[in-house]
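Here's the structure we're looking at; comments come further down.
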Protein chains: 2
Amino acid sequence: MEYTVQKLGNLAGISTRALRYYDEIGLLKPARKSSSGYRIYGQPEVDKLQQILFYRELGLELEQIKNIVNNPGFNGSRALEEHREKLLAKRMQLDLLIINVEKTISAKGGESIMADNEKFEGFKQKLVDDNEQQYGREIRDKYGDDVVNQSNAKMLNMSEEKYQAFTLLEQEVLDRLAEAVKTGDPSSELAQQTAELHRQWLGFTWPSYSKEAHMGLAEMYVADERFAAYYDKVQPGAAQFLRDAIAAYTAQNQ
Amino acid sequence: MEYTVQKLGNLAGISTRALRYYDEIGLLKPARKSSSGYRIYGQPEVDKLQQILFYRELGLELEQIKNIVNNPGFNGSRALEEHREKLLAKRMQLDLLIINVEKTISAKGGESIMADNEKFEGFKQKLVDDNEQQYGREIRDKYGDDVVNQSNAKMLNMSEEKYQAFTLLEQEVLDRLAEAVKTGDPSSELAQQTAELHRQWLGFTWPSYSKEAHMGLAEMYVADERFAAYYDKVQPGAAQFLRDAIAAYTAQNQ
DNA sequence: ACTTGACCTTGACGCAACGTCAAGGTGTAT
DNA sequence: ATACACCTTGACGTTGCGTCAAGGTCAAGT
């Protein structure tokens with residue numbers, strides 16, 4: 001089946017202007033031009049447009065999309081698998097915002113206290129995630145990790161060194177957590193070290209620290225299974241354990 | 001606590017440039033200016049910025065956001081409730097895309113057939129949803145439904161009359177489904193009428209119809225509980241029933 | 001007091017991704 | 001031939017900043 005700009009635009013839900021623009025920039029060329037000059041698109045273009053729309057949804061710039069889909073080595077199936085992963089990640093990021101708004105509602109109702117930095121939970125993560133979507137895989141493969149890390153660091157207004165320390169500390173939290181969980185005791189030395197490391201990690205993105213906010217975040221980790229999953233990859237029950245460790249940590253440092 | 005542009009920008013994950021721009025357009029004015037001309041923000045501005053970021057996340061233009069948050073009647077708590085609703089809707093819309101990519105992967109693997117129009121499921125819904133976020137509540141309240149419906153119709157490249165018919169038919173499907181489900185028989189006259197109405201509804205957005213695609217969509221309705229919920233609001237089990245009705249309908253019209 | 005580096009200001013240019021409009025050609029049904 | 005929907009190219013304009021320049025301010029260290 002063949003499509004002119006309006007048919008294809010209707011099919012996909014984009015404007016004819018966008019299709020002409022995509023032609024102009026070399027992102028999506030029509031299969032051919034009719035004798036009267038009309039753009040005629042075919043099946044391969046339909047499939048390619050689908051890919052383009054997924055990439056666009058994930059926040060990539062058109063020039064980037066162009067470089068990806070027009071690469072001779074482009075693999076449509078593999079790309080689809082990646083879209084899926086990234087859409088799931090985007091969904092999780094959206095979940096962060098939903099939880100944020102729910103917490104803010106709760107705080108507004110006087111049921112809890114919310115620190116200023118908590119009010120922006122999710123938005124900053126979105127920065128890094130969006131940056132990762134845009135530059136992550138392709139650029140890492142091509143230029144190595146530094147370019148992306150620099151960009152992520154910039155997003156969070158950190159030096160590259162600081163960002164590296166940030167990500168290393170995150171890994172250390174996970175590693176220490178894995179060990180601590182084996183003790184089965186959230187107030188054990190290892191568990192308290194984990195909580196302290198976690199606190200240090202928070203220091204990178206929080207302008208100020210409070211035990212309440214720390215505890216609030218820990219509660220969030222277990223309040224929703226989607227976030228518990230991040231820590232439970234270390235060990236089932238690790239998110240709960242970390243919450244308890246933080247509870248002990250914040251109570252002890254009162 | 002008070003913040004200068006960089007502190008507030010770091011807190012919220014936005015650039016100093018954005019904050020200055022927001023000041024410039026009157027969206028977010030600082031609490032005061034220091035003797036040296038520095039912008040100084042306080043607690044009310046922090047809360048307001050959070051609201052702005054939620055609206056921005058939901059796709060509203062800054063001018064629109066400005067009109068909303070600077071309205072003397074603006075109610076922060078009510079706004080937060082609305083953010084929550086809309087974020088959940090956005091999440092559902094994202095789920096559509098995830099299911100689409102999963103179906104495309106399946107089709108690529110030869111496990112199923114996928115029509116061209118199915119490849120863009122979710123993207124077109126995104127158009128209407130985004131439009132609704134931008135213009136829905138406030139404009140409907142202010143000017144009535146027609147302005148938004150016109151805009152939605154334009155999004156889907158329909159006349160206003162066609163869009164009205166489209167939305168009315170959608171309601172009719174739900175109404176007929178409610179009745180049909182009471183028969184308990186997916187091949188009953190009522191159930192088959194429902195499936196026929198559903199097919200007509202699809203005719204508004206699909207350039208071509210196929211039984212396979214129809215069946216595929218019906219499977220989607222029950223494959224994921226998040227979408228089943230849309231039909232199950234009629235009656236628990238209605239999504240399943242509709243799927244079965246469509247199965248009978250497409251088998252019978254073979 | 002002076003220096004240094006981080007942070008602040010205003011002003012201005014430029015960009016991505018189109019939306020909109022104008023002028024004129026094409027296809028199809030009546 | 002007419003009418004209407006759709007096509008083309010060309011061009012201007014918009015939104016929301018990113019980036020840069022020039023110069024002022026703040027705070028800690030010497």
Side-chain angles (χ1 to χ4, degrees), chain A residues 2-41 49 52-53 55-67 127 130-131 134-135 150-151 154-155 157-159 162 207, chain B residues 2-41 49 52-53 55-67 127 130-131 134-135 150-151 154-155 157-159 162 207:
Chain A
E2 296 192 326
Y3 303 89
T4 52
V5 288
Q6 193 179 38
K7 282 196 199 295
L8 185 57
N10 284 346
L11 182 71
I14 64 174
S15 68
T16 57
R17 180 72 183 94
L19 285 170
R20 290 191 196 95
Y21 181 65
Y22 295 171
D23 179 10
E24 180 188 321
I25 63 173
L27 172 59
L28 181 65
K29 292 285 181 183
R32 62 188 175 86
K33 288 257 190 128
S34 71
S35 56
S36 49
Y38 285 20
R39 294 173 176 77
I40 308 295
Y41 300 88
L49 181 56
I52 289 166
L53 292 186
Y55 281 115
R56 203 174 70 162
E57 177 63 27
L58 293 167
L60 272 69
E61 290 179 3
L62 297 185
E63 196 59 33
Q64 294 169 309
I65 300 172
K66 173 180 155 190
N67 291 334
L127 275 190
D130 286 352
N131 205 45
Q134 228 183 354
Y135 298 111
Q150 275 176 22
S151 191
K154 184 183 170 189
M155 286 286 127
N157 209 32
M158 295 182 190
S159 67
K162 200 177 172 192
Chain B
E2 294 192 327
Y3 304 89
T4 52
V5 288
Q6 194 179 38
K7 282 195 198 298
L8 185 56
N10 285 346
L11 181 70
I14 66 175
S15 68
T16 57
R17 178 73 181 94
L19 284 170
R20 288 189 197 99
Y21 182 66
Y22 294 171
D23 180 12
E24 179 187 322
I25 64 173
L27 173 59
L28 180 66
K29 292 286 185 182
R32 59 189 177 87
K33 288 254 191 131
S34 72
S35 54
S36 45
Y38 285 19
R39 292 171 178 82
I40 309 296
Y41 299 88
L49 181 57
I52 288 165
L53 292 186
Y55 280 115
R56 205 175 67 162
E57 176 64 26
L58 292 168
L60 272 70
E61 289 181 4
L62 298 185
E63 195 62 30
Q64 292 170 310
I65 300 173
K66 173 180 154 190
N67 290 335
L127 274 190
D130 286 351
N131 204 46
Q134 228 184 357
Y135 298 110
Q150 274 175 23
S151 192
K154 185 184 169 190
M155 286 286 127
N157 208 33
M158 295 184 191
S159 67
K162 201 178 172 190

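Below, each value reflects all heavy atoms present in this structure, side chains not excepted, and no hydrogens, waters or symmetry copies.
- Heavy atoms only, all atoms of each residue included: B/Tyr22 and B/Leu62 are closest at CE2-CD1, 3.5 Å.
- Along DNA chain D, the nucleotide closest to A/Gly37 and the one closest to B/Arg56 are compared, and the more 5′ of them pairs with A/Gly37.
- A straight line from OH of B/Tyr3 to P of C/dC8 spans 14 Å, rounded to a whole angstrom.
- One distance of note links CZ of B/Arg39 with NZ of B/Lys29; it measures 8.0 Å at 0.5 Å rounding.
- Across all strands shown, A/Arg39 has heavy atoms under 4.0 Å from sugar-phosphate atoms exclusively, and none from any base.
- Side-chain atoms of A/Arg17 and base atoms of C/dT20 include a donor and an acceptor less than 3.5 Å apart.
- When heavy atoms are screened at a 4.0 angstrom cut-off, A/Ser34 is found touching no nucleic acid atom at all.
- Residue B/Tyr21 contributes atom OH, which lies 21 Å from atom C1' of C/dC8 at whole-angstrom precision.
- A/Leu19 CG to A/Leu28 CG: the interatomic distance, rounded to the nearest 0.5 Å, is 6.5 Å.
- Here D/dC7 is the nucleotide among D/dC26, D/dG18, D/dC7 with the atom lying nearest to any side-chain atom of A/Gln6.
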Query raised in the report: Step by step, would you call B/Leu11 with B/Leu49 a side-chain contact (heavy atoms from CB on, under 4.5 Å)?
Result: CA-CA 10 Å; B/Leu11 181 70; B/Leu49 181 57; over 6 Å; no
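- Rounded to whole Å, atom P of C/dA6 lies 14 Å from atom OH of B/Tyr38.
- Closest to the side chain of A/Lys33, out of D/dT8, C/dT26, C/dC8, is D/dT8.
- If you take CG of A/Leu19 and P of C/dG19, they are 10 Å apart, rounded to a whole angstrom.
- In this structure, the CG atom of B/Asp23 is 11 Å from the C1' atom of C/dT9, given to the nearest Å.
- To the nearest angstrom, C1' of C/dA17 lies 8 Å from CD1 of A/Ile25.
- The side chain of B/Ser36 places an N or O atom within less than 4.0 Å of a non-bridging phosphate oxygen (OP1 or OP2) of D/dC26.
- Protein atom CZ of B/Arg20 is 7 Å distant from nucleotide atom P of C/dC8, rounded to whole Å.
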Query raised in the report: After noting the C-alpha distance and the side-chain angles of A/Gln6 and A/Asn10, does the key distance pass the side-chain contact (heavy atoms from CB on, under 4.5 Å) rule?
Result: CA-CA 6 Å; A/Gln6 193 179 38; A/Asn10 284 346; 3.9 Å; yes
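- At whole-Å resolution of the value, OH in A/Tyr55 and P in C/dA17 are 16 Å apart.
- Distances were taken from every side-chain heavy atom of A/Val5 (C-beta onward) to each of D/dG18, D/dC17, D/dC7; the shortest belongs to D/dC7.
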